[in-house]
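Below is one structure, written out as structure tokens, with a few remarks after it.
Throughout, protein chains are lettered first and strands after them, A, B, ... in sequence-line order, and every chain is numbered starting at 1.
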Number of protein chains: 2
Amino acid sequence: MATATGPARRTPRRRQTAQARRERLTRERVLQSAIELADASGIEALSMRRLGEELGVEAMSLYTHVANKDDLLAGMIDAVFAEITPPSLEAHWKTAMRDRALSVRAALLRHPWATGLMDANAAPGEATLLHHDLVIGCLRGGGFSFAMTAHAFAVLDGYIYGFALQDRSLPFETPEETGDLAQEMLAQFPAGRFPHLAAFMVEHVLKPGYDFGDEFEFGLDLILDALERHRED
Amino acid sequence: MATATGPARRTPRRRQTAQARRERLTRERVLQSAIELADASGIEALSMRRLGEELGVEAMSLYTHVANKDDLLAGMIDAVFAEITPPSLEAHWKTAMRDRALSVRAALLRHPWATGLMDANAAPGEATLLHHDLVIGCLRGGGFSFAMTAHAFAVLDGYIYGFALQDRSLPFETPEETGDLAQEMLAQFPAGRFPHLAAFMVEHVLKPGYDFGDEFEFGLDLILDALERHRED
DNA sequence: TCATCATCCTTACGTCGTAAGCCTTATGCT
DNA sequence: AGCATAAGGCTTACGACGTAAGGATGATGA
């Protein structure tokens with residue numbers, strides 16, 4: 001043998017240990033697997049042991065690619081931001097911010113655990129910083145002063161994340177479920193204890209076709225229109 | 001789940017055992033202690049053992065008053081809602097909703113861990129339901145249709161919770177800290193990587209007197225004014 | 001060819017939530 | 001007043017968690 005294959009850089013030599021080993025671990029693979037696991041089974045199911053299992057590796061092996069669990073979670077958040085289509089600096093600020101808001105919302109629907117992780121007040125990752133950079137650039141380019149940019153950023157992002165939080169905090173997921181759960185909730189208390197809430201449920205929420213998620217665009221446009229009015233303040 | 005109702009009241013006979021025992025445990029005392037502990041040391045410091053210690057009791061004794069840790073957390077959330085001054089049904093809807101929003105914000109500043117717990121999508125407690133009932137009543141009384149009430153509720157509460165989440169996710173707490181941290185963050189990447197963000201920091205955020213928390217009222221009034229405009233839609 | 005070093009694994013520790021069951025003491029009935 | 005009951009609090013124990021310490025393996029670079 002002694003093939004002496006000149007190990008010209010990066011020998012793509014395949015490893016073939018006794019048991020066919022999984023592909024080499026990387027931070028990206030760890031993060032991606034963690035995100036898939038959290039998406040599929042909830043963030044509470046994401047333990048280092050379980051994640052290792054998912055990757056065909058022992059829990060401690062993960063620590064080669066991730067400093068600790070907080071680092072893992074921070075990396076996941078940053079990966080979510082990386083999924084978001086950033087606002088275009090060419091388009092009109094309003095449409096750019098609208099599209100971007102919808103993109104954030106879509107990402108948070110794909111990864112509902114993300115909002116819960118955002119209160120970790122850790123240092124934002126590169127994708128997160130880049131995203132914020134472009135949002136600010138978009139607003140500034142649209143004619144917003146620094147002060148108005150700060151205002152606009154606070155309202156818009158506050159609304160986007162808060163809406164996701166609210167959506168997630170609702171104790172029901174599907175419209176069908178809503179009815180039963182609402183009945184059950186109100187039934188625990190004397191009839192007439194929450195008259196306005198009860199009427200609201202009966203007259204609106206329980207009507208066929210209602211879906212809380214549909215509220216998002218109304219609020220978004222409400223805020224965007226209002227910001228347009230204040231743009232020159 | 002029916003939460004353990006306290007012991008029958010009957011005789012107020014004072015107990016005096018060998019060792020002066022701490023006051024009798026109640027669900028309220030457990031919840032209050034848990035809230036104090038979370039406020040003082042962060043939600044991650046709240047373990048059943050630690051909470052027991054705080055109350056002079058073993059961890060397992062807490063389970064007489066609380067079904068499990070999730071029930072404890074749900075109870076804490078509901079207690080936070082109970083702290084909020086609900087919207088007056090007499091006042092004009094706009095001022096009532098404004099005062100109430102400020103009251104929610106104040107509560108979330110006092111208990112910053114609350115937003116992180118809100119994605120638990122558990123069944124809301126009595127104080128939470130009552131709060132929502134009055135918010136809906138206030139909007140309906142103010143002339144909002146059911147549909148507009150739903151819209152208004154989603155924007156307002158979304159914004160309030162999202163703002164708190166954003167505030168908490170900032171990696172700095174005090175204005176002084178902001179400068180150092182911002183420098184540090186941007187220094188990790190090539191200069192010019194985040195030009196808009198950098199300019200925004202230098203020209204606005206790092207200017208003396210800036211405090212992110214001050215942004216809250218701008219967004220609140222922006223939304224309230226916009227809602228007023230849509231009230232009759 | 002060998003030394004180095006990154007990768008992955010084994011073992012172990014302290015902490016967590018909580019199930020099971022015991023002991024003590026207050027309660028409610030006679 | 002006396003007693004049966006059950007509620008409140010305690011002890012012990014289990015399995016899962018994050019992760020520190022150090023060992024084994026195999027790829028890389030001299």
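Taking the ring-ring contact (aromatic ring centres under 6.0 Å, His included) definition, one finds that A/H151 meets it with B/F218, sequence neighbours left out. Judged as a ring-ring contact (aromatic ring centres under 6.0 Å, His included), and not counting sequence neighbours, A/Y63 has no contacts. When the side chain to side chain contact (heavy atoms under 4.5 Å, CB included) test is applied to B/D214, the partners found at least two apart in sequence or on another chain are B/D211. Considering only residues two or more places apart in sequence or on other chains, A/F81 meets the ring-ring contact (aromatic ring centres under 6.0 Å, His included) condition with A/H131, A/H132. The side chain to side chain contact (heavy atoms under 4.5 Å, CB included) check on A/A154 picks up B/F163, B/F212, B/E215, with sequence neighbours excluded.
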Would you mind writing out the side-chain donor-acceptor pairs for residues 42-53 of chain B within the sub-3.5 Å range, not counting sequence neighbours?
{"unit_1": "B/S47", "atom_1": "OG", "unit_2": "B/R50", "atom_2": "N", "d": "3.1"}

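For B/H65, the listed nucleotide lying nearest its side chain is D/dG8; candidates were C/dG17, D/dC10, D/dG8. Of the candidate nucleotides D/dG9, D/dC17, C/dG17, D/dC17 has the atom lying nearest to any side-chain atom of A/R49. Each of C/dC8, D/dC10, C/dT18 was ranked by its minimum atom distance to the side chain of B/M48; first place goes to C/dT18.
Note: B/H204 and B/Y210 have perpendicular aromatic rings, judged against thresholds of 30 and 60 degrees for the angle between ring planes.
Atom CD1 of B/I43 is separated from atom P of C/dC16 by 14 Å (rounded to the nearest Å). Separating the CD atom of B/E58 from the P atom of D/dA13 is a distance of 15 Å, rounded to the nearest angstrom. For the pair A/E53 CD and C/dC9 P, the computed distance is 13 Å after rounding to whole Å.
If you check every strand for non-hydrogen atoms under 4.0 Å, A/S47 touches sugar and phosphate atoms only.
Using a 4.0 Å cut-off, no side-chain N or O of A/T64 falls inside it from OP1 or OP2 of C/dC8.
Nearest-nucleotide positions on DNA chain D place B/V57 closer to the 5' end than the other of B/V57 and A/R50.
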Write out a two-atom table: protein N or O, nucleotide N or O from nucleotides 19-21 of chain C, distance below 3.5 Å.
none

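Taking every heavy atom of residues 68-78 of chain A and every atom of DNA chain D, pairs under 4.0 Å involve A/N68, A/K69, by number.
Residue pairs meeting the salt bridge (Lys or Arg N to Asp or Glu O under 4.0 Å) criterion with at least one member in residues 102-116 of chain A, sequence neighbours excluded: A/E83-A/R110, A/R105-A/D167.
Applying the 6.0 Å contact sphere to CD of B/Q32 captures no more than 12 heavy atoms from other residues, nucleotides or ligands.
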